[in-house]
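First comes the structure, then the notes that go with it.
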Amino acid sequence: MKYTYKTKGTCSQLIELELEGDVVHNVKFTGGCNGNLQAIPRLVEGLTVDQVEEKIGGISCNGKGTSCGDQLAKACREALAAANA
């Protein structure tokens, strides 16, 4: 299932991802810091939604209360909820 998530409170504006069951694939960010946004998709490829949340959920960037990684964790959870609805 393909899913698009509009980020909140980060430099990146959009996250696109695919879920196969609860496994995350093909994450793509629009906007944000180029290096980080190339690294994060590689690091989460093939992880479950729970694993993504555990590893990068709750990370804050410069006191914003969220980060691109945190937004990805939220996007994954939202995508899984939509897939199971």
Gap between atom CD of Gln71 and atom SG of Cys76 - 0.5 Å precision = 11.5 Å

Only one of Leu47, Val44, Asp70 forms a side chain to side chain contact (heavy atoms under 4.5 Å, CB included) with Ile56, so which one is it?
-> Val44

Would you say Thr7's side chain and Gln13's backbone share a donor-acceptor pair under 3.5 angstrom?
-> yes

Any side-chain heavy-atom pair of Cys11 and Lys64 under 4.5 Å = yes

Atom CE in Met1, atom CD in Glu20: separation rounded to 0.5 Å?
-> 13.0 Å

What residues, two or more places apart in sequence or in another chain, satisfy salt bridge (charged side-chain N to carboxylate O under 4.0 Å, His left out) together with Asp22?
-> none

Can you pull the side-chain hydrogen bond (donor to acceptor under 3.5 Å, both in side chains) pairs that have at least one residue in residues 29-40, sequence neighbours excluded?
-> Asn34-Gln38

Check Gly31 against Leu37 and note the closest heavy-atom contact, atom names and distance.
-> O-CD1, 2.7 Å

Check whether any side-chain heavy atom of His25 lies under 4.5 Å from a side-chain heavy atom of Glu45, and answer yes or no.
-> yes

Nearest 0.5 Å, what's the SG-CD1 distance between Cys68 and Ile40?
-> 6.0 Å

Calculate, to the nearest 0.5 Å, the distance between atoms OG1 and CD belonging to Thr4 and Glu78 respectively.
-> 10.5 Å

Side-chain ion pair, Arg77 and Asp50, N-O less than 4.0 Å = yes

Point-to-point distance, once rounded to the nearest 0.5 Å, from CG of Leu43 to NZ of Lys55 | 9.0 Å

Determine whether Val24 and Leu19 make a side-chain contact, defined as any pair of heavy atoms from C-beta on separated by less than 4.5 Å.
-> yes

What distance separates Glu16 CD from Phe29 CZ, expressed to the nearest 0.5 Å?
-> 11.0 Å

Below 4.5 Å, heavy atoms only, C-beta onward: do Leu17 and Leu72 meet side chain to side chain?
-> yes

When you look at CG of Asn62, are more than 12 heavy atoms from neighbouring residues, nucleotides or ligands closer to it than 6.0 Å?
-> no

